[in-house]
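Worksheet: the structure to be examined is printed underneath.
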Amino acid sequence: MITRRDVRLVRTASLHEYQRALTAAACAGGPALVRRTAVLVPTRAAAVQLQRTFEHLRLDAPGAAMVLPDLLTRTEWYERLRLSQDTPGEWLTAFDREVLLQSGAHEAITEGILPPFHLRPALYGEMLELYDELRRRQRGGGDFERLLAGELEPRASTDRGAERMLRQTLFLAAAFRSYERRMADAGGLDEHAFRNWLIDARVELKYARVIVAVGDRVVEPGGLWPADFDLLVRAAGVDRIDIVATDAQLAAGLHARIHDLLPAIDELRGTPVDAPLDERVLVVPSEGDALFHTSRDREDEIAAVVRRVKARRRETPGAVRLDRTAVIVARPLPYVYVARGVFEAARVPFQCDDALPLAAEPGAAALDLVLAFVSSRASRSATVALLRSPHVTLGGDAPPIPPDAVEALDRALADIGYSGDPARLGRLADEWEQGQAATDPRTAALRRRAASAARAGATLADHLALLFDAAPASAHLEALGRFVLAHGHVPGPTDAEYGRLLRARAALLMLLDGLASAHRRHGDLRWTIDDLAATVRRWIESHTFSPRSGEAGVHLVDATAARFGVFDDVHLVGLVEGEWPSPPRRNVFYSPVLLQPLGWPAETARLAAARASFADLLGLARQRTSVSHFLLEDDSLVGPAALLDDVARAALTPLARGDAAELIFTAEALAVRPAVAAALSGEPAAWLRLRHARTEATHESFHGTALPHLPRTHSVGAVELYAQCPFKYFARHVLRLEEESDDEIGLTPRERGIVLHEVFHAFFERWQAEVGRVVTPADLPRARALLEDVMAARLAHLSPSDAGIERTRLLGSPVAAGLADLVLRMEAERGVPVVDRRLEERFDGVFELLGTDGARRLPIRGVVDRIDLLADGALRVIDYKSSVPPAALQLAIYAVTAAQRLQGHRGRRWTVGEVSYVVFNGARVRPVGRNADDRGRALADAQLRFVAAADAIHAGAFPPRPAVEHLCNSCAYAGVCRMDHVAEPEDADTAAAV
Ligand code: SF4
């Protein structure tokens, strides 16, 4: 029931009048009254803008001072009211309330009122949101159950959807009842109970005058609810309430809604602005007849705004102040991050007061890594990511883990097929520290380097031990809090953005502590790491904090706060679908139609309010306005906002201006040839001077020419790599850079190759030992059975899913033959008996190869997968490969060297016969040469290329020149390769010949 008091609606024709009306209403009267005045604004950023506006409109001399009223958001207003009273119960935090509701939901389930959905942690937040909205719309749990159950019950017996909704309603109503009972039992007070107490107990409020500068919830998310208006007019102590709104907002439905809520409200018009503004213009593109600007993406859009700002300052020096220029966005993200980069690059100062998500802070990201580490049970990628994070330390004075130790751990864990086990990390650290389990010197060295990182991973896992098992929620949260305290990076005064990092850390610790305390007091459910991770992540994602960016310059401000600021120039950006207006926040439990009888607004009312706000903003600038949108977001097309149609209706005079084309960004000045030194200063200018002082980019050393490289012997595989790309050879065999290990699900191509090699090797060894002859067509069933036997033993070391994939690859499926059939048939179909079979044969010696200048003797080494010595004196040379290598040099050289090595073996002469790749991908045989002549030419060509490559290696020629271009797409050395940055080398004739 609303009582009569001095309640006025102040109508204003524009935002300029609106700001004056707010100033007049809030600052009128003596200092005592102003101090007892609250101005309710939608956001903290809006409060900052309004305070500046008050000072701008009221303070006419520098150094003057004024008494300001309290500028408060709705939440802050309740907080001030609460802190000013001796409340009859303990205030419940958001954490307390959610835990109480969680316990209420479990009680409902225990009583047999089951929800038709799985209760996940994220749903508790949604349930509380629904409960709050009902109460703020002055609907109790009884109304909710009666109205929805009344609507759903008649259909529930015939409609499964209605039956499900009914069960959901009964469950939610029971959970809400239990929540209220538990709150009363705990002697707690939430916002709704507090409001009721203020009204029922006739408690005198701290504020005698309240100026409402927000609309209702239909107009904006920070607006007031019916229950707030009710409190305003019924609570004791408030003598005067002024609701200030623009004509556009009132005409869009706010007028009718306010009269519904406050039927006895008086209306008056705000004082018109005394001096008419100069002609106000809309800056439009110089070409075409569009009234708004179009950019490729957000970054381009902000860059175009910066160009306009700079051009305007040049056109009218001194006439435009940067702090009277606003870039207005629908919502701060991602513009805050985009603008920071673009404005800084253009050296234009900018400021922003908007709240930022806690989730984007480095400390929160590090906490996410900790949760991933535990939930994956210390998997390789999660362990490495945790150890790499500069925001996680080993605690105390322990020195940081060197990055190369972490890289070594990554490779070492990949090599042993580690799939995650915190206890195993400790055992591996023990083994590797003691030098055990090393198979070769290179692996031993890698493991020695990895040992300290493995130990660090094991130590962190020890400190998180409690989280690996189920435990009471409060114990999990306390353990996580202790870990953050002990191992979270503590920013020092020398850290960039020291204050901000410190506040983010404090916010995280408070969040964990608040949640732990709520669970301890109101319901300590048993949690797994998944419950902990889901809950903590959700709270972090919903948490914002307000690190102010910049102190001066252009304002980056959201549309809600912008209407409170005084600006000469305004740039409305990001006018794309789904942003202007923002999409409504959907209720996850019910459709809008079902909720309308409970007071939820229709979508049309929200859109009308958004349209009215946009119309107001088009009139906000005192001098110039521009409007823009962009076309691409993450490579997807985005459509323009429908609100762009309203630009034509703004009372602004179009003024055509092209976006200035000159260089304003450091990157632009550096990118043109020659770079524009005059446009640079500070670090970029120093960098350019250094760059100019360096050797010319055309110098041969930048194009792959190094000092001579003289290996003791040429590995055939290494020379094959040179033939694929000389720079790859240089990276791996001269610089000795390790290839990045792939973080793939399942076996990597290399691991798969090893498994298949081992299976065929073991098969032919056993076949030779047990049967002792070539596989004939009649032997195929037996050979296949033996292969399956060998394979089963080898695949037993793999995970079930990897083993299944490799089994299918080997044995085939109903739709495709497998590799086993291919290899066995290849042998059975040839028919010539095998007198000897040499598997994985290593060789190292001096061989004679044909070069362009005649025969050359070169030291060569390698390992041949398989050589069959056939009864007719031919050698069959086989190489198992996942795909045919682009240079296809290796197998031919194996054949040539095998023929030389085996001369006289068994007292006879051997010639090269079949030379084939058995290709795993696609299960096929690829011979080198279709017939004997072809093969002869291929072997000769391979020798010429091998000799040329060996000479080029000796000469130190390593140009980045892939044999086929697509090699660069999957090259592990692309990160260190200058391929993209160099012109074709002029002096690499030797390499070109390879
Ligand atoms: S990225 Fe291309 S050019 Fe560079 S090393 Fe790899 S394959 Fe060669």
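Remember, it's 1-based here, ligands and their atoms both numbered in the order they're listed.
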> Do the ring planes of Phe702 and His699 sit parallel (below 30°), tilted (30 to 60°) or perpendicular (above 60°)?
Replying inline: perpendicular

> Given the rule in the ring-ring contact (aromatic ring centres under 6.0 Å, His included) test, do His714 and His733 qualify, once you have shown the distances and angles that lead to the verdict?
Replying inline: CA-CA 11 Å; His714 290 288; His733 297 287; over 10 Å; no

> Are Phe763 and Phe760 close enough that their ring centres sit under 6.0 Å apart?
Replying inline: no

> Val928 pairs by side-chain contact (heavy atoms from CB on, under 4.5 Å) with which of Asp934, Leu891, Val912?
Replying inline: Leu891

> Does the distance from a Lys or Arg side-chain N to an Asp or Glu carboxylate O, for Arg842 and Asp844, drop under 4.0 Å?
Replying inline: no

> With a 4.0 Å cut-off, would you call Arg937 and Asp941 a salt bridge?
Replying inline: no

>> For atom 6 (Fe) of ligand 1, which protein N/O/S atoms fall under 2.8 Å? Skip waters.
In response: Cys971 SG

